[in-house]
Amino acid sequence: MSATATTVSSPAAARAAAPADNARLHRILFFIMAAVLVAAPFVGLYPVFMMKVMCFALFACAFNLLLGFGGLLSFGHAMFFGSAGYVTAHAAKVWGLTPELAILLGVAAATVLGWIAGKLAIRREGIYLTMITLALAQMVYFFALQAPFTGGEDGIQAVPRGRLLGLIDLSQPLAMYFFVLAIFLGGFLLIYRIIHSPYGQVLKAIRENEPRTTSLGYDTAKFKHRAFVLSAAIAGLAGGTKALVFQLASLTDVHWSMSGEVVLMTLVGGLGTIFGPVIGAAIMVGMQNYLAQLGAWVTIVQGIIFVVVVLLFRRGIVGEIGAAIKKSL
C-alpha cells in the first residue's frame, strides 16, 4: 500500500519541486549576473560599453515581456524607447530637472504612448497588429524629425547628467555606471516579478490559447493592453537612461531599424526566456562595438549570425541551453 502511494505521489512531488528548483536556479544566475556587472568596470571593460549593454538588455527584456510572454509582436517598440529618450533629454537640458526626475518624466511619456498604441493595436491580431505598431512608430519618427524641441536631424546634444537626488555627481563615470546598474537590475527584477505573478500566468495562457483563456472568464483585451503599457514603460526607462549615458537623444532611437534590432536581440538570446534577452543584447551590442571597423558590413555580419542562430538554435542561445538541461532559464 505504501509502495503504491509512493509511486503515485512521486510524479506529483516532482512537479511541485520543479518551480522551487527553477526559482533557486534563477536566484543563482541573477546573483552571478549582478556580480559580473559589478566587477566589469574594475576588470578592464569599458564602462560606457557596459552601460550601453545594460540599457539595451533592459529594452530587450521589455520587448520580451510583450512578445515572449504575451505573444504580441510589436514592430514599433522604438517609439517608446526613443520618445522617452527625447523627453528625458529635453527635461534635463532645457528644464534643468535632476536625472531621476527627467527619467521618470520620460517613462511617463512612454507609458502614455504605450496606452494609446495598445488601445489601437490590440483591436487586431497577428500581422495586422504588427503593422499598426509599425505605422504608429513611423508617425512618432516623423514627429521627432519635425518637432522644434527635438533638434531635428541633430537631435538633443550635450545633455547634462546632473546630480542624482542633488547629491551624487553623475558626470563621474563610475557613479553613472552604478546608477545605470541599479536601474537595470531593478527593471529586470520588476519584469521577473510580473512574469511570475498571477497576471503573468494569465498572460502566458493568452499566448498559448486565447479563446480558451476567454472561456475561463478573463478579459483578454484588458490583459494584453496592460502588457503593452508595462512593456512601453520599461522600454521608456531604458531609453531615458540611454539618453543620459550618451548625453544625446537622436533619431536613431526612434527609427524602425531600432525596432528590428530589439527583435534580433530577443530572438538570438531566446524568446520567452528570462535571461535570453540580456545575452542577446550583449552579443548584438558587442558585435556593433568590436566590428565597427567593418563599417556597413556590420549589418551583413549581424544578418548572417542571425540566420545561423535561427537555423541552429531555434529556441535562441539561452532557450537551447535551458532545453538541454531541462530547466526554465
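Side chains included, hydrogens not; waters and symmetry mates left out as well; all remaining heavy atoms used.
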Please name the pair of heavy atoms, one in [X] and one in [Y], separated by the smallest distance, quoted to 0.1 Å.
{"X": "Thr133", "Y": "Met79", "value": "O-CE, 4.0 Å"}
{"X": "Ser83", "Y": "Val254", "value": "N-CG1, 3.7 Å"}
{"X": "Gly272", "Y": "Phe69", "value": "O-CZ, 3.3 Å"}
{"X": "Val159", "Y": "Ala243", "value": "CB-O, 4.4 Å"}
{"X": "Phe49", "Y": "Val285", "value": "CE1-CG1, 3.8 Å"}
{"X": "Phe184", "Y": "Ala57", "value": "CE1-CB, 3.7 Å"}

Checklist entry - Phe59 vs Phe56 aromatic rings, parallel, tilted or perpendicular, using cut-offs 30° and 60°? => result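 Ring orientation, 0 to 90° scale: tilted.
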
Item to check | Residues forming a side-chain contact (heavy atoms from CB on, under 4.5 Å) with Ala84, sequence neighbours excluded | outcome: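 Per chain and number, Ala84 pairs via side-chain contact (heavy atoms from CB on, under 4.5 Å) with Ala110.
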
Report yes if some heavy atom in the side chain of [X] is under 4.5 Å from a heavy atom in the side chain of [Y]; otherwise report no.
{"X": "Cys61", "Y": "Ile234", "answer": "no"}
{"X": "Phe63", "Y": "Leu73", "answer": "yes"}
{"X": "Phe142", "Y": "Leu251", "answer": "no"}

Next on the checklist: To the nearest 0.5 Å, what is the distance between CG on Leu72 and CG on Leu129?
Outcome noted: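 Output value for this atom pair is 6.0 Å.
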
Checklist entry - Nearest 0.5 Å, what's the OG1-CG distance between Thr220 and Asn209? => result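 If we round to the nearest 0.5 Å, Thr220:OG1 and Asn209:CG are 11.0 Å apart.
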
Between [X] and [Y], ring centroids under 6.0 Å:
{"X": "Phe275", "Y": "Phe188", "result": "yes"}
{"X": "His225", "Y": "Phe228", "result": "no"}
{"X": "Tyr192", "Y": "His196", "result": "yes"}

